[in-house]
Amino acid sequence: MTSIHTLHILNKAPEHPRTAECMNAIRSGDALLLTENAVLALSILDDQAPMAQVYAIASDAIARGFGQSGTKATLVDYPAMVKLTAQAQHLISW
Amino acid sequence: MTSIHTLHILNKAPEHPRTAECMNAIRSGDALLLTENAVLALSILDDQAPMAQVYAIASDAIARGFGQSGTKATLVDYPAMVKLTAQAQHLISW
Amino acid sequence: MSTLIVIDQPPYGTWAGREALDMAFSLAAFDQSVSLLFMGAGVNWLRAAQQTNGIEQKSVEKNLSAAPIFGVEAMYADTLACAQYGLTPEGMVAGVTMSPNSAELMHQHTHTAFAG
Amino acid sequence: MSTLIVIDQPPYGTWAGREALDMAFSLAAFDQSVSLLFMGAGVNWLRAAQQTNGIEQKSVEKNLSAAPIFGVEAMYADTLACAQYGLTPEGMVAGVTMSPNSAELMHQHTHTAFAG
Amino acid sequence: MSDNPLQNFTLVITGAPYSSQAPQTALAFARAAISAGHTLDRVFLYGDGVHLASSLSTPPSDETHWPKEWAEFLEQNVIPGAACIASALRRGLVNSEEQKRYQLPANNILAPFIIAGLGEWVEGTMASSRVVYFHAGG
Amino acid sequence: MSDNPLQNFTLVITGAPYSSQAPQTALAFARAAISAGHTLDRVFLYGDGVHLASSLSTPPSDETHWPKEWAEFLEQNVIPGAACIASALRRGLVNSEEQKRYQLPANNILAPFIIAGLGEWVEGTMASSRVVYFHAGG
């Protein structure tokens, strides 16, 4: 397990203004965790993916029809989310 | 008093996704009424003003520091808002 | 009188879409003309293969498939929003009509309303 | 420990900003290091000459002027957001520090939190 | 049709007090409408707007008490106010009947607000000449 | 420091049930944290999140009852849960003490949730190694 500087936890749809704020705040060494409506970014994320590892809550992704989209983000469960929060030095819930 | 086809009542800040949806839906013969946080558009509206008459609730504008911005929109009170809703054939609250 | 109920929020993360659907079903139950328009992030209501057992919420796909039965006249999806979210007709639930000009659609209805 | 409380919603239309300010004042009351960052539409908290008698709400300008007294260390305003909203130092309340790199500011604090 | 024909309004409030400005804007509009001679067919609370009908809301004494202001306005002008039952039950707003039915420890609907189905809203859209929605801002 | 040191979490919930998914996501996180051997210092409800502490919330029988689920989780794991007093009073959530003080017709706080000041949140940020916020989505 590598260390994460800041884990950005985002639960807003891509149109929400806080999504852009979050994306602007991500830096090298950070990680991004998509939860709830934020998993909709899986249909939009591509070349312009942020310079960070991207995770998404599997149950939220599958509920919204993104069961097969493991390529753009690592689908994780809540035990993995807990591990990420423990690994990260800082947390920001957007 | 001229007739209004659709009165668009907008109460969201300019960043809110519904603001863009509202602006896209405005057509010639419509009118736009800015209420609550939507009066913040007074600092942004300019050349790209929509092809519609723009009104803003005066008390909301003044509360947010826009007492002098009568140039971009007609500042109105609630009796005037009632009149606008009566004049308009259709209303959309965004 | 014809009413267009607009859903521009995605399912599950907020309740606004469900409450919009209830509004449409209520109008239909009173034999009032009503259609649904999905726009913005709301088009994600229409994505096929939503599996909600993991989030303890009922799938909205079932609700949508009931819409014609309850008397909702049409379900429109904003064309541009579908493109933004990578939604193609094959990847969407059945019975959806594309809306290339949602502003025009609103102007064609007597009432246009959001649930919140 | 140092906390950055972020306000990205405008005043009066929602309560999130007021509740963020209460969080900052509470931290300060417990002698914890705390600063405020206004970004996005939240920079409109800082506009001078807010006259709220017409909307039956207290002016947030008074709350902000109390921030240093209560022990809030700094009030930052995102430079880009200020430009977008036409906010210049002359048109803003006193005691605000411009923040040209808000991401960096967040990384300098142990905790970063929104009120909602 | 004159320049300013009298209207019969239905107002729908979907934003909660002390979270959104919706109940406040709606009340200012309602007062102006009545003053101008228009009528209010009814007021319908939906979604988070049902919190406006809480009998337990207790804002600080130097803030406006929006549920009380609304209740007094409705009583003085004999305007029906209803909160959607489905929205209200989920959000913890119940009357004495629902309290008994679901064996709940209390009830908290502020008179003259009542709890009713979405049919009240449908009837409002049919009976009135204008329906105005007051949503949460943002 | 091992790869996965045990943490003491404070959770802050600011989104309401039946309006946002926040209480649901927070509960899934909390259960996973306890299962992994971490501890929860406390849960603090703020803003619209205080509605999670309602004793009157009555969702349809085929929907999850988030206030009850949360209350049972807190009791089983002996975790303190507090709703911010300022947020709660404005939004119509009161305990028996506030009911008496303000002469209200009822109280509606679901045990084991209590009403407390923001100091509870400050103490949580000081006592725990991680603070996780669960806001309303959108």
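Excluded from the calculations below are hydrogen atoms, water molecules and symmetry mates; all remaining heavy atoms, backbone and side chain alike, are included.
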Toward chain F: residues of residues 27-41 of chain D with heavy atoms under 4.5 Å: D:L27, D:F30, D:Q32
Spacing of SG belonging to F:C84 relative to CE belonging to D:M23, to within rounding of 0.5 Å: 9.5 Å
Any F:L118 side-chain heavy atom under 4.5 Å of D:D22 side chain: yes
Close approach to chain F in residues 89-116 of chain D, criterion heavy atom under 4.5 Å: D:H111, D:A113, D:F114, D:A115, D:G116
Neighbours of chain D found in residues 47-75 of chain F - heavy atoms under 4.5 Å: F:G47
Per-residue contacts, residues 12-22 of chain F versus chain D, heavy atoms under 4.5 Å: F:T14
